[in-house]
Amino acid sequence: MIQNIRLLNPNVTRVSGYFYSMDEDTDSLIQKTDDGTLAFSYPLDTPIPNEVKSLEHDGESFWSLDLINNASPAAGFRIRRWIIENFVLTLQQTF
């Protein structure tokens, strides 16, 4: 079986031909090409202690979803809105 891209994190979104995922181990937004090559890594201005379950892009902002304290979904979840400013992913809002 041929693999086009290797993604280590479950949260992935595609924007303008690139694949993005958030890595809580390095506190960064990883940008990869369609062949899996690392294109860029944007550091986060705010650490993310929990695994990001979902990542979406609406044309302007990245939206991440993680469980509070890595607990069960019944304990609640957190949605965060991020934007890229000066090559850093900056947190704008938390819900």
Side-chain angles (χ1 to χ4, degrees):
M1 176 194 242
I2 298 173
Q3 295 180 343
N4 285 345
I5 185 168
R6 174 180 273 172
L7 301 168
L8 302 176
N9 298 310
N11 61 77
V12 177
T13 190
R14 187 170 185 264
V15 181
S16 301
Y18 289 100
F19 294 87
Y20 292 85
S21 65
M22 291 184 91
D23 185 353
E24 66 277 353
D25 293 333
T26 61
D27 284 328
S28 60
L29 177 72
I30 306 297
Q31 179 188 43
K32 290 190 174 186
T33 62
D34 61 356
D35 68 356
T37 304
L38 178 66
F40 200 79
S41 178
Y42 298 91
L44 306 181
D45 73 337
T46 304
I48 48 174
N50 302 324
E51 178 184 8
V52 174
K53 299 294 185 182
S54 178
L55 181 67
E56 299 293 332
H57 188 266
D58 66 5
E60 181 180 326
S61 302
F62 286 93
W63 296 83
S64 65
L65 179 138
D66 64 288
L67 298 176
I68 294 175
N69 298 325
N70 272 340
S72 71
F77 57 89
R78 180 177 24 242
I79 298 172
R80 295 180 180 177
R81 184 173 73 89
W82 309 80
I83 62 169
I84 296 174
E85 292 182 320
N86 299 319
F87 304 103
V88 174
L89 193 67
T90 59
L91 181 63
Q92 301 299 300
Q93 290 175 300
T94 301
F95 303 95

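For the single chain, residues carry numbers from 1 onward in sequence order. Everything quoted here is computed from the prediction, not taken from an experiment.
In this structure the side chain of L44 reaches within 4.5 angstrom of the side chain of M22, judged on heavy atoms. With a 4.5 Å cut-off on side-chain heavy atoms, N11 and L65 do not count as touching. Taking the side chain as every heavy atom from C-beta outward, L29 and I84 approach each other to under 4.5 Å.
Counting all heavy atoms, side chain and backbone alike, V12 lies closest to S21 at CG2-CB, 4.3 Å. Between L91 and D45, the shortest heavy-atom contact is N-OD1, 3.0 Å. Contact record, R78 with L67: NH2-O, 4.2 Å, taken as the closest heavy-atom pair. In terms of heavy-atom proximity, A39 sits nearest to Y18 at CB-CE2, 3.8 Å. In this structure, W82 and S64 approach most closely via the heavy-atom pair NE1-OG, 2.9 Å.
Every residue was checked against the side-chain hydrogen bond (donor to acceptor under 3.5 Å, both in side chains) condition with E24, not counting sequence neighbours, and none meets it. Evaluation of the ring pair (Phe, Tyr, Trp, His ring centres under 6.0 Å) rule for F62 yields Y20, H57 as partners, not counting sequence neighbours. By the side chain to side chain contact (heavy atoms under 4.5 Å, CB included) test, S41 is found to be paired with S28, I30, residues two or more places apart in sequence or in another chain being considered. S16 is linked by a side chain to side chain contact (heavy atoms under 4.5 Å, CB included) to nothing, counting only residues two or more places apart in sequence or in another chain. D23 pairs by the side-chain hydrogen bond (donor to acceptor under 3.5 Å, both in side chains) definition with T26, not counting sequence neighbours. Listed by chain and number, the residues in a side-chain hydrogen bond (donor to acceptor under 3.5 Å, both in side chains) with N86 amount to none (sequence neighbours excluded). By the side-chain hydrogen bond (donor to acceptor under 3.5 Å, both in side chains) test, T90 pairs with E85, Q92, sequence neighbours left out. For R81, there are no salt bridge (Lys or Arg N to Asp or Glu O under 4.0 Å) partners at least two apart in sequence or on another chain.
Classification of the F95-W63 ring pair by plane angle, with boundaries at 30° and 60°, yields parallel.
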- Task: Before giving the answer on side-chain contact (heavy atoms from CB on, under 4.5 Å), spell out for Q31 and V15 the whole-Å C-alpha distance, their side-chain angles and the decisive distance to 0.1 Å.
- Result: CA-CA 10 Å; Q31 179 188 43; V15 181; over 6 Å; no

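Here the side chain of D27 pairs no donor or acceptor atom with the backbone of P47 at under 3.5 angstrom.
Note on F40: it does not cluster hydrophobically with L38, by side-chain heavy-atom contacts below 4.5 Å among ILVMFWY residues.
Residue pairs satisfying the salt bridge (Lys or Arg N to Asp or Glu O under 4.0 Å) criterion with at least one member in residues 54-65, sequence neighbours excluded, are absent.
For the pair K53 and D66, the salt-bridge criterion is not met [side-chain N within less than 4.0 Å of a carboxylate O].
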